[in-house]
**Student:** 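Take a look at this one; I'll ask things after.
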Amino acid sequence: MTPARMAVLRTSLATLLSHYRRHPGQLAMLIVGLWVASALWSGVQAINASARDSYARAEALFSSDLDSITRRDGRPLSLDDYLTLRRAGLRVSPLVEGEWTSAAGDTLTLIGIDPLTLPDDAPLGRTESSAGSLRDWLLPPHRVRVAPDTAAQLNDATRLPPLEIDPALPPGTLVTDIGVAQRLLGFEGQLTRLVIAAERSAELPAGFVRTSAAVIASPGQLTESFHLNLTAMGLLALVVGLFIVHAALGLALEQRLGLLRTLRALGVPARTLIAALALELLVIGLVGAALGIASGVLLAQALLPDVAASLAELYDSNVGTTLALPWHYWLGGLVITLGGLFSAGASMLWRAARLNVLALGQAQAWRGRLRRQLGIQGWLGGVLLLVAALLWWRLSGRAGQQELALSFAMVAALLLGTALWLPPLLAGALRLAARRLRNRPLAQWAVADLQLQLPRLQLPMMALLLALATNLGVGSMVGGFRLTFLDWLDQRLLADLYVRPPAEQFDAVRDWLIERPEVATLLPARSSDATLIGSDSRNAGGTDTATPVKLFGIAPEPILRRHWPLLDTHAGREAAWRALAGGEAFINEQLARRHSLAPGDTLRLRTAQGTRRLSIAAIYPDYGNPSGEITLPVTRLASEFSAPPGSLGVVLAKDRASRDALMARLREGLAARFGLAGPTLIDQRSLKRSATEVFERTFAITQALNALTLGVAGLALLTTLLAQAETRRAQLAPLWALGVTRARLVGVQLAQLLAAATGTALLAVPLGLALSYALVAVINVAAFGWRLPLHVFPGQIAVTLMLALMVAALAALLPAWRLWRVPPRQLLQEFAAS
Amino acid sequence: MLQLTDVTKTYPTPQGALHVLDGVDLHLGAGESLALMGESGSGKSTLLHLAAGLDLPDRGDIHLDGERLSTLGEPRRAALRRQQLGLVFQQFHLVPSLSVADNLSLQARLAEREDNHWTQHLLARLGLAGLNDRYPEQLSGGQQQRLAIGRALAAKPRLLLADEPTGNLDETAADEVLDLLASLVDESGCALLMVTHSARVAAPMDRCLRLQHGRLAEPGE
């Protein structure tokens with residue numbers, strides 16, 4: 001670039017930026033818009049990046065193609081079992097795993113390994129990382145490997161061997177020699193499991209079960225769905241924030257059209273002017289992105305402990321509570337903020353490029369332009385809504401990751417299409433109102449003036465619409481889910497007490513409980529693993545790929561048959577229970593949806609006992625379970641599938657005494673006779689309480705982001721009103737000069753905004769309900785494989801309407817107060833100028 | 001300095017093509033002043049826009065300082081405007097966010113021809129000395145138009161194009177501005193093409209032409 005061109009660019013840029021010196025509110029609106037958009041997006045991405053880092057480390061450690069071998073009778077493995085298998089020629093390696101509490105009270109996973117027998121390529125056995133050597137590892141004082149973020153929390157030099165830092169380890173995990181681990185965990189002489197390289201096929205001696213690495217793998221799809229939900233919320237916040245930016249840029253361009261034309265007339269080439277505007281965007285973008293990313297990291301730091309706890313409780317995924325941000329996180333934050341800014345500013349650059357220099361000083365034909373713009377928006381909105389409808393039709397009832405991405409595309413099209421329809425609908429309503437208000441001049445003026453304000457108000461109103469609809473939609477979904485979930489918990493957790501005796505005591509405890517007068521019904525349960533290798537489905541999408549499934553055994557006692565929820569049966573509820581007793585199976589909804597299975601279809605299973613065929617009698621809901629599950633009578637699971645002993649559900653005979661008294665007697669008996677106490681006895685109430693806590697915590701972050709998005713929409717409205725306050729006063733001054741008091745003017749302004757907000761909220765209600773339906777019937781199915789019933793809460797709709805009015809009133813308050821305080825002399829000047 | 005040969009400009013309208021300029025020939029020499037008169041809508045401003053290279057004719061040639069405008073691209077025409085022309089508009093078109101001093105030097109800075117002595121001299125001659133830090137909205141109409149004239153002359157153009165420069169001013173302010181304009185044009189030695197519909201304003205010019213039905217004629221014709 002020649003020095004002459006540089007001078008033109010420099011002077012043009014300085015002149016363009018001088019606009020913000022006179023209108024700092026607009027600059028603030030731009031920066032704030034970018035800031036909040038980028039902060040919420042970056043915050044969510046920081047959480048996702050940190051969680052994914054933890055998953056990657058955990059997966060590198062555990063899903064390393066190591067199959068697991070345990071005893072068929074469920075008893076702990078011993079050194080003898082290890083020796084038996086080694087003598088049988090199996091190259092198994094012993095492993096001890098348990099929870100260990102640090103001095104600070106943190107619960108950590110402690111894994112003990114034998115590096116000499118582990119398969120060579122297993123990451124668990126990587127003892128020579130950093131300075132340690134195999135000799136240090138095997139000989140006292142031994143070594144313990146730990147991730148840097150976990151090492152920072154540890155302060156147990158006296159109890160633990162010297163630490164060896166290994167960044168590849170997942171957070172909250174310690175790996176050490178098996179002897180050290182047995183001592184620290186109090187597992188002397190015991191092994192948790194034996195592992196063997198997955199590719200080594202070998203005949204196991206009787207009494208042992210092999211679980212493949214595929215079954216042990218982390219619940220990747222579910223955690224991905226969780227993060228996709230977070231990303232969608234972050235994206236929504238980004239879009240809402242960019243609405244502010246778009247509104248601010250539009251306003252800044254509108255006010256600088258004369259300046260742009262003057263600069264062109266004074267000899268600034270069009271390309272140079274566009275370059276100067278783009279540079280201006282870049283400078284503002286860099287400031288906004290820096291502020292946004294910094295705030296996003298702070299936000300993520302505040303939210304991460306809750307998210308980590310949710311992920312741990314929901315999916316058993318260990319996520320560190322300190323942020324781990326790779327380089328691409330920072331770059332991604334910058335790119336998305338600048339990309340968003342330039343997409344919001346594209347129309348500004350386009351209009352500036354097509355600027356008619358000859359229109360210098362010509363009044364803007366705003367009415368004609370607005371009508372054209374509203375027409376285009378109407379068409380575009382219609383196309384997007386059509387796309388949403390087509391996607392809806394294509395997706396209904398399908399599960400899978402690809403469907404999940406399409407579901408989010410459908411929701412985005414639905415939201416954006418309706419948002420584009422808002423301004424034409426508001427304009428139509430205002431035209432109707434103007435006709436009916438001919439006899440009330442001030443009201444007619446207010447309506448006409450609101451039409452004039454529509455080009456500037458439309459973007460914040462669209463942002464408000466999106467925020468309100470999301471609030472209502474997500475709120476209804478969560479409320480409906482809560483009702484369904486609690487109802488389902490009541491149906492599934494029928495027993496008052498769940499007893500998990502050690503395998504060797506199982507039969508004795510069961511026989512003792514049957515005899516007890518406190519017990520009305522005993523509900524034993526067992527579980528096992530199998531592989532679904534195919535199905536004969538009447539639907540087109542039957543499965544032919546091997547999929548790990550859980551087998552669950554229940555006791556079909558009358559109380560269970562009465563309460564167990566069924567979604568679909570082959571020949572009615574009673575017939576389904578008879579079919580189960582006669583050898584058929586129930587399957588959960590997620591398995592049915594993933595493999596397009598229905599009652600009457602047949603499953604082919606590979607189990608340790610050979611291949612089995614099972615007919616499906618019914619499908620049942622199974623909220624919160626990541627796996628496909630097949631339910632059979634518990635007796636059959638024990639006899640045909642050699643399932644190890646599981647739990648014993650105790651339904652108390654409540655007619656005999658109070659629940660608490662019966663429970664206390666039973667607990668005393670179990671403790672005295674079998675030494676059972678603590679975690680082997682689980683009270684149904686505490687189970688329900690902890691399940692509900694997990695539920696609330698899971699949606700806490702969604703609701704926090706939801707509230708923040710609504711706040712951003714309110715901010716969009718406020719900043720727009722503040723940015724145009726000066727122009728507004730010039731429009732109001734003539735009215736004041738004609739005899740309308742300032743108090744009345746303030747009232748008119750408030751009424752205008754409340755009317756626009758009411759119109760927006762009225763559209764937000766059906767949109768919110770449609771969103772709620774999309775969440776429960778499309779996104780949930782695609783993400784988790786189960787569908788929820790739609791619940792409509794009139795109270796929530798009322799809250800949405802109130803929120804709209806409140807946000808509008810709060811946003812209008814400051815500009816109205818400033819108008820109230822403006823001295824008559826200034827209004828006089830503005831009247832003269834107008 | 002400026003030569004228009006057989007220049008034609010037509011605008012499409014719902015009622016059919018409107019021939020605003022129909023074969024206009026015009027010559028303006030260096031240092032010469034010319035008033036261009038005509039009724040509203042006669043095409044005066046269109047001719048000025050064509051002369052400034054803001055628009056191109058449908059037919060005919062315009063030569064500015066020896067360069068044929070219709071053969072130049074937009075960046076080159078912009079550079080010519082920046083370096084050789086000064087523009088004064090009826091609506092002033094000052095930059096509201098720049099101070100008096102910055103507005104005055106804007107074109108000179110764009111043209112990299114800033115001359116502090118000349119700028120200070122202009123400020124004094126325009127009666128704006130001491131108002132450097134004010135903004136346009138804090139000036140009277142006459143002061144704003146004087147500032148606009150100063151901005152046009154600050155880059156020492158070879159041709160000043162003025163479009164009804166006193167159209168927004170009262171008679172006293174208009175007289176002041178015209179006197180000042182004439183005097184500064186003399187001082188700088190640039191040519192002047194001024195569009196006006198006032199015979200009184202046109203009187204002191206070297207020449208005066210009337211635009212009627214798309215063609216140029218002497219006022220008496």
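Residue numbers begin at 1 in each chain, while the letters A, B, ... track the order of the sequences. If you're wondering where the values come from, they're calculated on a predicted model, not measured in any experiment.
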**Student:** Side chain from CB out, backbone as N, CA, C, O: work out which of these in B:Arg151 comes under 4.5 Å of a heavy atom of chain A, or both, or neither.
**Tutor:**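 Side chain only.
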**Student:** Contact part of A:Arg264 toward chain B, heavy-atom cut-off under 4.5 Å: side chain, backbone, both or neither?
**Tutor:**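 Both parts, heavy atoms under 4.5 Å.
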**Student:** Could you report the tightest heavy-atom contact between A:Leu263 and B:Leu110, atom names first, then the distance?
**Tutor:** CD2-CD1, 4.4 Å
**Student:** Do you know which of A:Leu9, A:Thr272, A:Val8, A:Val268 has the most heavy-atom pairs with chain B at a distance under 4.5 angstrom?
**Tutor:**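 Going by pairs under 4.5 Å, I would pick A:Val8.
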**Student:** Restricting to non-hydrogen atoms, name the atom on A:Ala265 and the atom on B:Leu54 that form the minimum distance, rounded to 0.1 Å.
**Tutor:** CA-CD2, 4.0 Å
**Student:** Are the side chains of A:Thr262 and B:Leu87 in contact, using a 4.5 Å heavy-atom criterion?
**Tutor:** no
**Student:** For the candidates B:Arg109, B:Arg76, B:Gln90, B:Glu74, which exhibits the highest count of non-hydrogen atom pairs separated by less than 4.5 Å from chain A?
**Tutor:** B:Glu74
**Student:** Identify which part of B:Leu80 has an atom lying under 4.5 Å from any heavy atom of chain A, answering side chain, backbone, both or neither.
**Tutor:**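 It is neither, since no heavy atom gets under 4.5 Å.
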**Student:** Quick one: what part of A:Leu259 sits under 4.5 Å from any heavy atom of chain B, side chain, backbone, both or neither?
**Tutor:** side chain
**Student:** Can you confirm whether B:His121 is buried at NE2, in the sense that more than 12 heavy atoms of other residues, nucleotides or ligands lie under 6.0 Å from that atom?
**Tutor:**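 Above 12, so yes.
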**Student:** Pull out the residues in residues 126-147 of chain B that come under 4.5 Å of chain A, heavy atom to heavy atom, sorted by number.
**Tutor:** B:Tyr135, B:Glu137
**Student:** Checking B:Glu112 side chain against A:Ala7 main chain: does a donor-acceptor pair fall under 3.5 Å?
**Tutor:**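 Such a contact is absent between B:Glu112 side chain and A:Ala7 backbone.
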**Student:** Nearest heavy-atom pair of B:Pro75 and A:Pro269: which atoms, and what distance?
**Tutor:**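 So the two residues come closest at CA-CB, 4.0 Å.
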